[in-house]
Amino acid sequence: MRRHYIGIALLIASAFTGTLAFRLAVPAIAFYTRDILKASMAYLSIISASFILARSFSAIFSGLLLEKKKSLVYLGALAMIGNALAVNLYPLTSSWVHVMGIKLMNGFLNGVAWPIAQFVIAVSSPKEIRSRVTALYFIFGNFAGLLGNYTYALTQGFGLKAQMYLASAFFFLTAFFMVVSYWLLYNRITPKKEKSSKESKAPIDAKKILILSALISLLSAFTSGEITYVYVAETLGLNKGTATTLIGLISFLATLLAYIPSRFADLGNERKVIITISILTGLSPLLAAVKNPVTVFLGILMAIFATQTFRPISRSLLASARRASVAIGGINAVRNLSTTAGQLLFGFAYSLGEIVIAGIVFKAALLIFFPVSLLLFGIVMKLKNEH
């Protein structure tokens, strides 16, 4: 049992170190590409989308591989070593196209590494506390996101090369934690259950979970990737360090709050929690569209809270499915594809500028998500009436 808990603790630690490395790199690369390489917001959205698109396809790939051979769980750690090496290529770039190429590589590697980690943390945790343990995994990841953003603000004067060396070191540490964790938890890893398994069906239909994941990810896409930092800085007139630190702080606060619904989910209230966070998601881009610090940050907070609540609960539910590794890989793929679509839509609509309605200034790029919000509200009403 002690071996079991140490393994889970190390996997949670890997979420911390891996996210710290990633969140240090994202704003550094975003502002380098925008300010030094002179890329437009549309090109930045393509860069973010290329990362997520690559991650989505490799997420399915990793889930299918685990079904074939359980020992391939160690591919996750190997992929993290690849990340540690790849980030050192960014300072060598001279065009946004070069940055996109490296982002594609990082995306593919992350799509292998993180779904495996999420699958292992879900299936190796006791069912009665599974949502909370999985939420704790994401909380540590988002705490690292805050520190990663803060670290970027502190190391702006060091230059991109030094920042990438630091990110690389944390990626290597993450790979080490993963290797040891998978070794300790190896006997508990079951990629595919037998048909007679008692946990053969998720409490909420897997297809509905995937549809909700697609819409929630699409609507909250404006809160992830390079475009978020630039949007907040340019819309509110903030400097890079301030914008980065505030976004990290809001992300961490949202994830801390997301632990509370996971407690209710473990008590069997998954449906009510998912309905609530779906409504919050639908409202979030509409709030963030208002050109005001309070509404922008409240919209970002609501979107991140909803996604950070949905992620552990959905993984916990899908861990009960017979083909758990494929299901978790699949939801990662759906989330990534929807986020890609949302980021591209937001990036290309950014040039639409602002519109004024009843004296209130709105960013048109976020108002275009209104039809998607209505669709999500409609699905939520059906989900509520089915119960």
Side-chain angles (χ1 to χ4, degrees), residues 11 14-15 18-19 21-22 26 47-83 86 100 102-124 134 137-138 141-142 171 174-175 178 181-182 189-192 202 206-218 220-221 224-225 307-308 310-344:
L11 204 51
S14 76
T19 307
F22 179 70
V26 168
I47 290 169
S48 294
S50 67
F51 171 84
I52 298 171
L53 196 60
R55 191 172 64 181
S56 67
F57 287 113
S58 57
I60 298 175
F61 174 71
S62 64
L64 290 170
L65 276 180
L66 277 184
E67 279 197 345
K68 302 297 181 184
K69 195 172 183 181
K70 188 170 76 168
S71 61
L72 291 176
V73 70
Y74 292 106
L75 272 180
L78 188 61
M80 203 54 67
I81 293 174
N83 270 330
M100 183 184 68
I102 303 169
K103 276 285 183 178
L104 280 167
M105 188 190 314
N106 281 145
F108 179 84
L109 294 168
N110 276 275
V112 173
W114 292 121
I116 289 176
Q118 292 169 21
F119 160 71
V120 174
I121 196 80
V123 298
S124 61
T134 311
Y137 167 90
F138 287 115
N142 274 72
F171 276 132
T174 303
M178 285 180 170
S181 175
Y182 297 153
I189 298 173
T190 309
K192 187 175 182 180
K207 290 181 180 178
K208 292 177 183 175
I209 294 173
L210 291 176
I211 292 171
L212 286 171
S213 178
L215 295 176
I216 288 171
S217 300
L218 181 68
S220 61
S224 61
T307 55
Q308 294 303 328
F310 185 77
R311 285 172 73 189
I313 293 175
S314 61
R315 273 62 171 181
S316 176
L317 290 172
L318 293 176
S320 298
R322 193 172 70 86
R323 302 183 67 186
S325 66
V326 173
I328 292 177
I331 198 172
N332 274 277
V334 167
R335 174 177 176 266
N336 291 328
L337 286 170
S338 297
T339 303
T340 299
Q343 288 187 336
L344 286 173

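To the nearest 0.5 Å, the span separating CZ on Arg55 from CG on Leu337 amounts to 10.5 Å. Interatomic distance, OG of Ser314 versus CG of Leu212, reported as 10.0 Å (0.5 Å rounding). The structure places OG of Ser220 at 10.5 Å from CZ of Phe310, a figure rounded to the nearest 0.5 Å. Atom CZ of Phe51 sits about 10.0 Å away from atom OG1 of Thr340, to the nearest 0.5 Å.
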Please list every donor-acceptor pair under 3.5 Å in which a side-chain atom of residues 73-81 meets a protein atom from a residue at least two apart or in another chain.
none

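Contact between Ala113 and Tyr182 at its shortest, heavy atoms only, is O-OH, 4.3 Å. Residues Ala86 and Ile102 come closest through the heavy atom pair O-CG2, 3.7 Å. Shown here for Tyr137 and Ala117, the closest heavy-atom pair between the two residues is OH-CB, 3.5 Å. Scanning all heavy atoms of the two residues, the minimum distance from Val120 to Leu11 falls at CG1-CD2, 3.8 Å. The two residues Pro115 and Asn110 have their closest heavy-atom pair at CD-O, 3.5 Å.
Remark: Ser181 pairs with no residue by the side chain to side chain donor-acceptor pair (under 3.5 Å) rule, at least two apart or across chains. Legend: residues meeting side chain to side chain donor-acceptor pair (under 3.5 Å) with Asn106, ordered by chain and number and at least two apart, are Asn83, Tyr90. By the side chain to side chain contact (heavy atoms under 4.5 Å, CB included) test, Leu104 is found to be paired with Ser50, Ala54, residues two or more places apart in sequence or in another chain being considered. In terms of the side chain to side chain contact (heavy atoms under 4.5 Å, CB included) criterion, residue partners of Thr339 (sequence neighbours excluded) are, by chain and number, Ile52, Ser217, Ala221, Ser224, Arg335, Gln343. In terms of the side chain to side chain contact (heavy atoms under 4.5 Å, CB included) criterion, residue partners of Ala341 (sequence neighbours excluded) are, by chain and number, Leu218.
Side-chain atoms of Ser56 never come within 3.5 Å of backbone atoms of Asn336 as a donor-acceptor pair (strictly under, hydrogens ignored).
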- Task: May I have the step-by-step check of side chain to side chain contact (heavy atoms under 4.5 Å, CB included) for Asn332 and Arg315, ending in yes or no?
- Result: CA-CA 9 Å; Asn332 274 277; Arg315 273 62 171 181; 3.4 Å; yes
